[in-house]
Amino acid sequence: MNIVCLDMEGVLVPEIWIAFAEETGIEELKRTTREEPDYDKLMNYRLDILREHGLGLKEIQDVIARINPLPGAKGFLDELRATTQAIILSDTFSQFAQPLMAKLGWPALFCNELIIGEDGMIEDFKMRCEKSKLTTVRALQSCGFETIAAGDSFNDLAMIEASKAGFLFRSTESIKADYPQFPAFDEFDDLLDAIKKAL
């Protein structure tokens, strides 16, 4: 039995933090897992910037409400889910992801949680488990699934490597150069064809 594990941001939807950075003009918030492999370090850096500027969950959710999936993403996901089982493994947070999942037709999503204070400020974050993408892929494999994975960032590499087939999608030139063993695609049709061949 196969199950496809997909990253969300940069693969199916635009990067939420980049959209928020552009909206607020805070350039430092453009840093993502494409540049910073240590996710805890990245999130603490982001939370410090939010506190410094007095920005909370509502301000981020207002921006997310205006974000749409990448062109072709929903059609890709619909066809993929008609072919095999698929799940989105993301290091985002449920408080961010819900409106985007609605626009994608409510695919299965495993992500994390933000801890929000009474004043609406983001106090902390709670990861679902350590090394969440790799841990989830390993758990699925222990249940009898063969995994196929695709993502664009440093935090996707472990799940891609651990899967029977793995692909980079719309990744950076430096990641593609450093990991030439993973086929890299920029178009949904090409990724879908590669996944179907791997099934």
Side-chain angles (χ1 to χ4, degrees), residues 1-18 20 29 31-51 56-57 60-61 64 73 77 80-81 84-102 104-117 121-171 175 178-179 182 195 198:
M1 292 177 68
N2 293 294
I3 190 163
V4 177
C5 301
L6 298 170
D7 178 39
M8 185 181 86
E9 292 181 70
V11 173
L12 299 170
V13 304
E15 294 278 353
I16 290 168
W17 288 99
I18 290 177
F20 188 64
L29 288 174
R31 189 167 180 78
T32 72
T33 51
R34 289 173 168 224
E35 295 87 29
E36 176 52 70
D38 185 330
Y39 192 74
D40 280 358
K41 180 179 174 183
L42 178 63
M43 272 307 299
N44 283 309
Y45 166 80
R46 288 166 168 167
L47 294 187
D48 285 345
I49 292 169
L50 292 178
R51 287 186 203 105
L57 178 61
I60 300 173
Q61 287 178 327
I64 292 169
L77 203 51
L80 178 64
R81 291 164 70 200
T84 189
Q85 296 182 83
I87 188 167
I88 298 172
L89 301 183
S90 176
D91 281 337
T92 194
F93 305 93
S94 59
Q95 294 96 331
F96 290 178
Q98 289 297 94
L100 298 166
M101 292 304 98
L104 286 169
W106 296 110
L109 168 72
F110 288 7
C111 66
N112 305 303
E113 290 284 325
L114 292 169
I115 298 167
I116 310 298
M121 299 298 286
I122 302 170
E123 294 182 346
D124 205 351
F125 58 97
K126 184 174 186 217
M127 302 300 282
R128 189 170 43 80
C129 56
E130 192 176 346
K131 297 181 181 174
S132 61
K133 295 184 184 188
L134 176 61
T135 301
T136 303
V137 160
R138 292 283 190 221
L140 290 166
Q141 291 165 349
S142 76
C143 297
F145 288 101
E146 289 192 280
T147 59
I148 297 167
D152 69 326
S153 297
F154 283 111
N155 63 338
D156 301 313
L157 295 171
M159 75 168 178
I160 290 170
E161 191 164 28
S163 295
K164 78 166 185 176
F167 310 105
L168 293 171
F169 187 69
R170 298 185 180 177
S171 190
I175 291 176
D178 288 345
Y179 297 88
F182 302 136
I195 291 171

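A donor-acceptor contact shorter than 3.5 Å links the side chain of Tyr39 to the backbone of Asp91. Formation of a donor-acceptor pair under 3.5 Å by the Gln95 side chain with backbone atoms of Leu114 is found in this model. Panel note: side chain Thr32, backbone Arg34; a donor-acceptor pair is recorded below 3.5 Å. At least one donor-acceptor pair under 3.5 Å links the side chain of Thr135 to the backbone N or O of Glu130. In this structure, the side chain of Glu36 does not engage the main chain of Lys41 through any donor-acceptor pair within 3.5 Å.
Looking at Cys5 and Leu140, their side chains come closer than 4.5 Å, going by heavy atoms from C-beta outward. No side-chain heavy atom of Met159 sits under 4.5 Å from any side-chain heavy atom of Thr147. Contact check for Ile148 versus Thr84: no side-chain heavy atoms found under the 4.5 Å cut-off. Leu168 has its side chain within reach of Leu157: a pair of non-hydrogen atoms, C-beta onward, lies under 4.5 Å apart.
For residues 106-116, the side chain to side chain donor-acceptor pair (under 3.5 Å) pairs, not counting sequence neighbours, are Ser94-Glu113.
For Arg51, the side-chain hydrogen bond (donor to acceptor under 3.5 Å, both in side chains) partners are Asp48, not counting sequence neighbours.
Using cut-offs of 30° and 60° on the angle between ring planes, the pair Tyr179 and Phe182 is parallel.
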